[in-house]
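Note sheet for the following structure.
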Amino acid sequence: MDVLFTDLSRGYAVGAYGLFKVTEDGGSTWTDLSDPVLTERGLHMNALQRLDDGTFVLVGEMGLVATSPDGRTWKALDAAVEGSLSAALPRGQHGVLVIGMRGNAFQTEDLSEPQWQAMPTATEKSLFGLARLSNGRFAVAGSGGVLMVLEPGKEPSRLTSPAESGATVAKTFGALLAWKGQLYAATDSGVHRVAALR
(Lines give C-alpha, C1' and ligand atoms only; values in the text may rest on other atoms or scores of the structure.)
Protein backbone atom coordinates (compact mmCIF):
# COMPACT_ATOMS: atom_id res chain seq x y z
CA MET A 1 0.00 0.00 0.00
CA ASP A 2 2.89 2.37 0.69
CA VAL A 3 6.70 2.55 0.56
CA LEU A 4 8.95 4.99 2.43
CA PHE A 5 12.72 5.36 2.15
CA THR A 6 14.56 7.47 4.72
CA ASP A 7 17.87 7.31 2.83
CA LEU A 8 19.35 5.37 -0.09
CA SER A 9 19.62 2.16 1.97
CA ARG A 10 16.82 2.02 4.53
CA GLY A 11 13.23 1.63 3.43
CA TYR A 12 9.88 0.40 4.68
CA ALA A 13 6.91 -1.18 2.89
CA VAL A 14 3.43 -1.64 4.38
CA GLY A 15 0.36 -3.39 3.06
CA ALA A 16 -2.60 -5.68 3.63
CA TYR A 17 -3.20 -7.92 6.65
CA GLY A 18 -0.38 -6.51 8.77
CA LEU A 19 2.31 -6.63 6.10
CA PHE A 20 5.36 -4.62 7.19
CA LYS A 21 8.78 -5.10 5.57
CA VAL A 22 12.13 -3.39 6.07
CA THR A 23 15.18 -3.14 3.82
CA GLU A 24 18.69 -2.04 4.76
CA ASP A 25 20.23 -2.44 1.30
CA GLY A 26 18.19 -0.17 -0.93
CA GLY A 27 15.51 -2.77 -1.64
CA SER A 28 17.67 -5.70 -2.74
CA THR A 29 16.39 -7.76 0.20
CA TRP A 30 13.44 -7.26 2.54
CA THR A 31 12.71 -8.72 5.99
CA ASP A 32 9.44 -8.89 7.90
CA LEU A 33 8.98 -6.61 10.88
CA SER A 34 7.05 -8.39 13.61
CA ASP A 35 5.85 -5.81 16.09
CA PRO A 36 2.71 -7.05 17.90
CA VAL A 37 1.16 -3.57 17.79
CA LEU A 38 1.04 -3.85 14.00
CA THR A 39 0.83 -7.53 13.14
CA GLU A 40 -1.39 -9.24 15.74
CA ARG A 41 -4.67 -7.73 14.49
CA GLY A 42 -3.78 -8.24 10.82
CA LEU A 43 -5.11 -4.86 9.72
CA HIS A 44 -4.48 -3.25 6.36
CA MET A 45 -1.79 -0.60 6.76
CA ASN A 46 -2.38 2.08 4.14
CA ALA A 47 0.14 4.89 4.59
CA LEU A 48 3.50 5.46 6.25
CA GLN A 49 5.06 8.89 6.78
CA ARG A 50 7.92 10.46 8.68
CA LEU A 51 7.08 13.68 10.49
CA ASP A 52 9.28 16.77 10.53
CA ASP A 53 10.59 15.80 14.01
CA GLY A 54 11.65 12.33 12.77
CA THR A 55 8.69 10.41 14.24
CA PHE A 56 7.18 7.74 12.01
CA VAL A 57 3.39 7.59 11.73
CA LEU A 58 1.35 4.76 10.23
CA VAL A 59 -2.37 4.82 9.44
CA GLY A 60 -4.70 2.07 8.29
CA GLU A 61 -7.83 0.03 8.71
CA MET A 62 -10.24 0.50 11.62
CA GLY A 63 -8.78 3.87 12.58
CA LEU A 64 -5.27 2.52 13.08
CA VAL A 65 -2.80 5.27 14.02
CA ALA A 66 0.61 4.18 15.32
CA THR A 67 3.87 6.01 15.93
CA SER A 68 7.49 4.98 16.19
CA PRO A 69 10.76 6.77 16.98
CA ASP A 70 12.80 4.44 14.77
CA GLY A 71 10.44 2.65 12.35
CA ARG A 72 10.82 -0.65 14.24
CA THR A 73 9.10 -0.35 17.63
CA TRP A 74 5.55 0.91 17.50
CA LYS A 75 2.90 2.37 19.79
CA ALA A 76 -0.81 2.45 18.90
CA LEU A 77 -2.61 5.73 19.60
CA ASP A 78 -6.23 6.43 20.40
CA ALA A 79 -7.86 6.72 16.99
CA ALA A 80 -9.43 9.87 15.68
CA VAL A 81 -12.16 7.78 14.05
CA GLU A 82 -13.26 4.13 13.89
CA GLY A 83 -13.27 4.04 10.08
CA SER A 84 -10.28 3.24 7.91
CA LEU A 85 -7.64 5.90 7.30
CA SER A 86 -5.98 6.01 3.90
CA ALA A 87 -3.33 8.77 3.95
CA ALA A 88 -1.32 11.00 6.28
CA LEU A 89 1.02 13.98 5.93
CA PRO A 90 3.11 15.94 8.43
CA ARG A 91 1.59 19.15 9.76
CA GLY A 92 4.03 21.39 11.57
CA GLN A 93 6.95 19.98 13.51
CA HIS A 94 5.09 17.34 15.56
CA GLY A 95 1.63 17.11 14.01
CA VAL A 96 -0.17 15.22 11.28
CA LEU A 97 -3.23 15.39 9.05
CA VAL A 98 -5.02 12.09 8.32
CA ILE A 99 -7.85 11.34 5.87
CA GLY A 100 -10.04 8.33 5.20
CA MET A 101 -13.46 6.82 4.73
CA ARG A 102 -16.71 8.81 4.71
CA GLY A 103 -14.94 12.12 4.12
CA ASN A 104 -13.07 11.99 7.40
CA ALA A 105 -10.15 14.39 7.89
CA PHE A 106 -8.49 14.96 11.26
CA GLN A 107 -5.47 16.90 12.40
CA THR A 108 -3.41 17.16 15.54
CA GLU A 109 -0.62 19.56 16.43
CA ASP A 110 1.32 16.99 18.48
CA LEU A 111 1.23 13.23 17.99
CA SER A 112 2.93 12.60 21.33
CA GLU A 113 -0.32 13.70 23.02
CA PRO A 114 -2.84 13.88 20.18
CA GLN A 115 -5.84 16.16 20.47
CA TRP A 116 -7.67 15.30 17.25
CA GLN A 117 -9.62 18.05 15.53
CA ALA A 118 -12.00 17.32 12.68
CA MET A 119 -11.48 19.31 9.49
CA PRO A 120 -14.59 19.98 7.40
CA THR A 121 -14.56 18.34 3.97
CA ALA A 122 -18.21 18.84 2.91
CA THR A 123 -18.32 15.28 1.59
CA GLU A 124 -19.07 11.75 2.78
CA LYS A 125 -17.10 10.22 -0.09
CA SER A 126 -14.01 8.22 0.81
CA LEU A 127 -10.77 10.20 0.63
CA PHE A 128 -7.57 8.57 -0.69
CA GLY A 129 -5.10 11.19 -1.96
CA LEU A 130 -3.29 13.87 0.00
CA ALA A 131 -0.63 16.41 -1.02
CA ARG A 132 0.93 19.28 0.92
CA LEU A 133 0.60 22.68 -0.74
CA SER A 134 2.00 26.07 0.25
CA ASN A 135 0.80 28.20 3.17
CA GLY A 136 -0.43 25.30 5.33
CA ARG A 137 -2.89 24.03 2.73
CA PHE A 138 -3.48 20.45 1.59
CA ALA A 139 -4.97 19.02 -1.59
CA VAL A 140 -7.33 16.10 -0.96
CA ALA A 141 -8.86 13.67 -3.45
CA GLY A 142 -11.20 10.70 -3.35
CA SER A 143 -14.08 8.72 -4.79
CA GLY A 144 -16.81 10.37 -6.81
CA GLY A 145 -14.24 12.71 -8.35
CA VAL A 146 -13.73 14.59 -5.08
CA LEU A 147 -10.88 17.08 -5.44
CA MET A 148 -10.50 19.93 -2.94
CA VAL A 149 -8.15 22.09 -0.90
CA LEU A 150 -8.24 21.96 2.91
CA GLU A 151 -6.91 24.80 5.00
CA PRO A 152 -7.10 24.85 8.81
CA GLY A 153 -9.75 27.25 10.04
CA LYS A 154 -11.46 27.59 6.65
CA GLU A 155 -14.14 25.81 4.68
CA PRO A 156 -12.87 23.43 1.98
CA SER A 157 -12.62 24.79 -1.55
CA ARG A 158 -13.27 22.65 -4.62
CA LEU A 159 -10.72 22.24 -7.38
CA THR A 160 -11.94 21.85 -10.95
CA SER A 161 -9.84 20.01 -13.48
CA PRO A 162 -9.38 21.68 -16.86
CA ALA A 163 -11.31 19.95 -19.66
CA GLU A 164 -8.13 19.18 -21.61
CA SER A 165 -6.54 17.32 -18.67
CA GLY A 166 -8.45 14.08 -19.27
CA ALA A 167 -9.27 13.91 -15.56
CA THR A 168 -12.85 15.02 -16.14
CA VAL A 169 -13.80 11.40 -16.96
CA ALA A 170 -12.27 10.06 -13.73
CA LYS A 171 -14.63 8.70 -11.11
CA THR A 172 -12.01 8.15 -8.40
CA PHE A 173 -8.92 10.15 -7.54
CA GLY A 174 -6.16 8.38 -5.62
CA ALA A 175 -2.59 9.42 -4.89
CA LEU A 176 -1.74 13.11 -5.40
CA LEU A 177 1.51 14.84 -6.27
CA ALA A 178 2.11 18.60 -6.15
CA TRP A 179 5.05 19.38 -8.44
CA LYS A 180 6.28 22.54 -10.16
CA GLY A 181 3.06 24.45 -9.63
CA GLN A 182 0.81 21.64 -10.86
CA LEU A 183 -1.27 18.99 -9.12
CA TYR A 184 -1.23 15.46 -10.55
CA ALA A 185 -3.50 12.56 -9.59
CA ALA A 186 -3.55 8.82 -10.09
CA THR A 187 -7.14 8.11 -11.14
CA ASP A 188 -9.24 5.24 -12.43
CA SER A 189 -8.64 6.64 -15.94
CA GLY A 190 -4.86 7.04 -15.62
CA VAL A 191 -2.49 9.69 -14.28
CA HIS A 192 -3.57 13.25 -15.07
CA ARG A 193 -2.61 16.82 -14.37
CA VAL A 194 -5.69 17.91 -12.50
CA ALA A 195 -5.09 21.53 -11.44
CA ALA A 196 -2.69 24.46 -11.58
CA LEU A 197 -1.62 25.54 -8.10
CA ARG A 198 -1.24 29.08 -6.85
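- The heavy-atom pair separating L97 from R91 by the smallest distance is N-CB, 4.2 Å.
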* To do: Could you please spell out the steps behind the ring-ring contact (aromatic ring centres under 6.0 Å, His included) verdict for Y184 and H192?
  => CA-CA 6 Å; Y184 298 85; H192 300 285; over 10 Å; no

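- The pair D32-K21 meets the salt-bridge criterion, since a charged nitrogen lies less than 4.0 angstrom from a carboxylate oxygen.
- Side-chain atoms of T108 do not come within 3.5 Å of backbone N or O of W116 as any donor-acceptor pair.
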* To do: Let me see the working for L177 and Q182 under side-chain contact (heavy atoms from CB on, under 4.5 Å), right down to the final yes or no.
  => CA-CA 8 Å; L177 172 67; Q182 303 291 322; over 6 Å; no

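- In summary, R72 and E24 engage in a salt bridge, as defined by a charged side-chain N under 4.0 Å from a carboxylate O.
- Note that the CG atom of L133 and the CZ atom of F138 stand 8.0 Å from one another [nearest 0.5 Å].
- Looking only at distances, a side-chain donor or acceptor of S143 sits under 3.5 Å from a matching main-chain atom of S126.
- Applying the side chain to side chain contact (heavy atoms under 4.5 Å, CB included) test to E124 and every residue at least two apart in sequence or in another chain returns nothing.
- To the nearest 0.5 angstrom, D2 atom CG is 9.0 Å from N46 atom CG.
- Although no hydrogens or angles enter the test, the distance criterion places a donor-acceptor pair under 3.5 Å between the side chain of T121 and the main chain of G103.
- Taking the six-membered ring where the residue is Trp, Y12 and F20 present perpendicular rings, their angle passing 60° and hence far from 30°.
- With hydrogens and angles disregarded, a donor-acceptor distance shorter than 3.5 Å links the side chain of R137 to the backbone of S134.
- Under the 4.5 Å side-chain criterion, counting only non-hydrogen atoms from C-beta, F56 is in contact with L4.
- With no hydrogens or angles considered, a side-chain donor-acceptor pair links T187 and S189 at under 3.5 Å.
- Residues satisfying the side chain to side chain contact (heavy atoms under 4.5 Å, CB included) criterion with H94, sequence neighbours excluded, are D53, D110.
- Using a 4.5 Å cut-off on side-chain heavy atoms (C-beta onward), L111 and V57 make contact.
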